[in-house]
Undergrad: 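Sharing a structure, written as structure tokens. Questions coming.
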Amino acid sequence: MNGAKTLLQDLDDAIARGTDESRTRALWHATDILITGRYSDDEISMFGEVIGKLADEIEVAARAQLSDVMSACDHAPLNVIAKLALDDEIAVAGPVLRDSNRIDEKMLVESALTKGQAHLLAISQRQSIGEAVTDVLVKRGDQEVVTSVAKNEGARFSGSGLLHMVRRAEGDSILAEQLGLRKDVPRHVFQQLISKASEDVRRRLESERPEMMAQIQSSVTEVTGDLQSKFGPSSRSYFVAKRVVTTQYRQGNLNQDSISNYARQHRFDEVQIGLSLLSALPVDVIERAMMDRNREILLVLCKALDFSWDTTMSLLFLGAKDHLITARELHDNERDFGKLKTETSRSVLKFYQSRKTGAGADSTTGRQPELQVH
């Protein structure tokens, strides 16, 4: 400790009375000693004071070289790292922003909030990036930055960050594809992404992510034999319900209130036929959405139709086993429903319409109804 302290005092004296050339030599001498030795935190802090003073006196090229060295040093002084990371010159800031494991999340956020796109791009290329940092990158970053962070497998995104990325991916096929290829994108975000993607991107994602596309299709289209036998369109009561609800629809009297009333009376046939007419989706798709243990599709459908939470809740109870839902599950569903955006939900619904009803007429009316949203 005493030897290091004496050495650093000598260097400090050299700074005060030396020339630019001697200061530069002192900088590299102090840096070499720091990198090759093993020091306590206090000693590293003292090195930081000396190297920091010297760094203030050197040109951009020398600072950039110092940044390269410090970015690979596992015990680089924190004050030096902070000084380099917040340098306006990207040649200086870039190496530590990309590679230093001594830079903390607070420093990265500060740089991302205050510096230019070149600094954001360097941060987007780090081996790992936390949610607080990616939240800033996806909001402030340009196309190159956002695409770079989408490609980065070590980047972690918050829910709001992912949804912001989905919005930015509209009309940007490169970003849409990169985001769709990420393994950490949850199914509901993937659904929103492909609902807005171009046909070319959708085909590529279907090829690259067949397991995700299969999950989406199964959640929307799979109808088991038990469901068909219990609620299928073969029963006489179904055809009676179909005639009544279709007439109601044609007269313009089918709306949220009538769906809610049917649900509270446990009139499943009337509900599924009514929802099919209002959403322009086949009855079997509505049936699956009602009965699936994953309530996500039903929540999206209700939000797209601009239904209230009370109406949505009555549909959840109707489709639940024995019409029972735990308080915890109901709370989670209400939270998820509140987070959904109406416009985004309608985009998802239109995607399902294009896949399920684009080739033919609606199964309940013989015609292709329009989506009824008000």
Side-chain angles (χ1 to χ4, degrees), residues 187-188 190-197 202 206 210 212-235 237-239 241-242 245-246 248-249 254-256 258-260 262-263 267-307 311-312 314-321 333 336-337 340 342 344-373:
R187 187 176 66 177
H188 72 278
F190 189 85
Q191 286 176 312
Q192 294 181 31
L193 179 68
I194 60 174
S195 73
K196 299 171 181 289
R202 197 175 297 165
E206 286 177 347
M212 185 68 85
M213 295 302 296
Q215 287 181 33
I216 292 174
Q217 288 289 21
S218 66
S219 70
V220 179
T221 63
E222 288 179 5
V223 180
T224 65
D226 287 343
L227 289 176
Q228 284 287 1
S229 63
K230 185 175 182 181
F231 299 110
S234 59
S235 66
S237 64
Y238 177 87
F239 288 107
K242 176 182 174 181
V245 177
T246 300
Q248 191 179 14
Y249 172 73
L254 184 65
N255 52 38
Q256 177 179 188
S258 49
I259 294 294
S260 181
Y262 286 141
R267 295 168 69 176
F268 192 93
D269 286 342
E270 285 83 352
V271 166
Q272 65 174 346
I273 294 167
L275 288 176
S276 173
L277 289 164
L278 292 176
S279 67
L281 291 176
V283 172
D284 64 338
V285 174
I286 299 299
E287 185 178 53
R288 181 61 181 179
M290 291 285 297
M291 303 299 294
D292 199 331
R293 292 179 63 184
N294 184 336
R295 316 319 298 274
E296 182 181 358
I297 300 302
L298 182 58
L299 295 178
V300 169
L301 175 63
C302 289
K303 181 65 74 168
L305 293 173
D306 206 20
F307 282 1
T311 299
T312 303
S314 67
L315 294 174
L316 290 169
F317 275 107
L318 178 63
K321 183 178 180 181
N333 284 324
D336 294 342
F337 182 76
L340 288 171
T342 302
T344 304
S345 298
R346 290 175 183 174
S347 297
V348 175
L349 188 54
K350 287 178 182 177
F351 167 70
Y352 289 130
Q353 289 170 338
S354 69
R355 296 184 70 84
K356 301 307 299 178
T357 64
D362 175 69
S363 60
T364 62
T365 65
R367 65 187 179 86
Q368 182 73 34
E370 298 296 324
L371 177 62
Q372 303 291 307
V373 287

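Quantities reported herein were computed from a predicted structural model and do not represent experimental measurements.
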Undergrad: Can you name the one residue among L299, L301, T312 that meets side-chain contact (heavy atoms from CB on, under 4.5 Å) with F307?
TA: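 Going through L299, L301, T312 one by one, the side-chain contact (heavy atoms from CB on, under 4.5 Å) with F307 is satisfied by T312 alone.
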Undergrad: Sequence neighbours left out, what passes side chain to side chain contact (heavy atoms under 4.5 Å, CB included) with V300? Give chain and number order.
TA: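 Listed in chain order: L340, S345, V348.
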Undergrad: What's the separation between atom CD in Q248 and atom CD1 in I259, rounded to the nearest 0.5 Å?
TA: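 Rounded to the nearest 0.5 Å, the CD-CD1 separation comes out at 7.5 Å.
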Undergrad: Which value, rounded to the nearest 0.5 Å, describes the distance between L305 atom CG and L275 atom CG?
TA: 7.0 Å
Undergrad: Can you measure from OG (S347) to CG (L349) and round to the nearest 0.5 angstrom?
TA: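 Reported to 0.5 Å precision, the distance equals 9.5 Å.
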Undergrad: With sequence neighbours excluded, tell me which residues meet side-chain hydrogen bond (donor to acceptor under 3.5 Å, both in side chains) with N255.
TA: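 Result, side-chain hydrogen bond (donor to acceptor under 3.5 Å, both in side chains) vs N255: S258.
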Undergrad: Can you sort out the partners of R267 under salt bridge (Lys or Arg N to Asp or Glu O under 4.0 Å), two or more places apart, ordered by chain and number?
TA: E270
Undergrad: Apply ring-ring contact (aromatic ring centres under 6.0 Å, His included) to F337 and list each qualifying residue two or more places apart in sequence or on a separate chain.
TA: W309
Undergrad: Hey, could you give me the CD1/OH distance between I297 and Y352, rounded to the nearest 0.5 Å?
TA: 3.5 Å
Undergrad: In chain order, what residues pass the side-chain hydrogen bond (donor to acceptor under 3.5 Å, both in side chains) check against Q256, with sequence neighbours excluded?
TA: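 Counting only residues at least two positions away or on another chain, Q256 forms a side-chain hydrogen bond (donor to acceptor under 3.5 Å, both in side chains) with S308, T311.
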Undergrad: Nearest 0.5 Å, what's the CD-CD1 distance between E287 and I273?
TA: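 It comes to 10.5 Å.
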Undergrad: Please give me the minimum heavy-atom distance between P282 and S276, naming the atom from each residue.
TA: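 Answer, listing the atom of P282 first, then S276: C-OG, 3.8 Å.
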Undergrad: Return the CG to CG distance between N333 and L315, rounded to the nearest 0.5 Å.
TA: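 Here the interatomic distance stands at 12.0 Å.
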Undergrad: Are any side-chain N or O atoms of R295 and backbone N or O atoms of M290, one a donor and one an acceptor, separated by less than 3.5 Å?
TA: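 Checking the backbone N and O of M290 against the side chain of R295, a donor-acceptor pair under 3.5 Å is found.
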Undergrad: Please lay out, stage by stage, how V285 and Q353 fare under the test side chain to side chain contact (heavy atoms under 4.5 Å, CB included).
TA: CA-CA 10 Å; V285 174; Q353 289 170 338; over 6 Å; no
Undergrad: Using a 3.5 Å distance criterion without hydrogens, assess whether the side chain of T342 forms a donor-acceptor pair with backbone atoms of A304.
TA: no
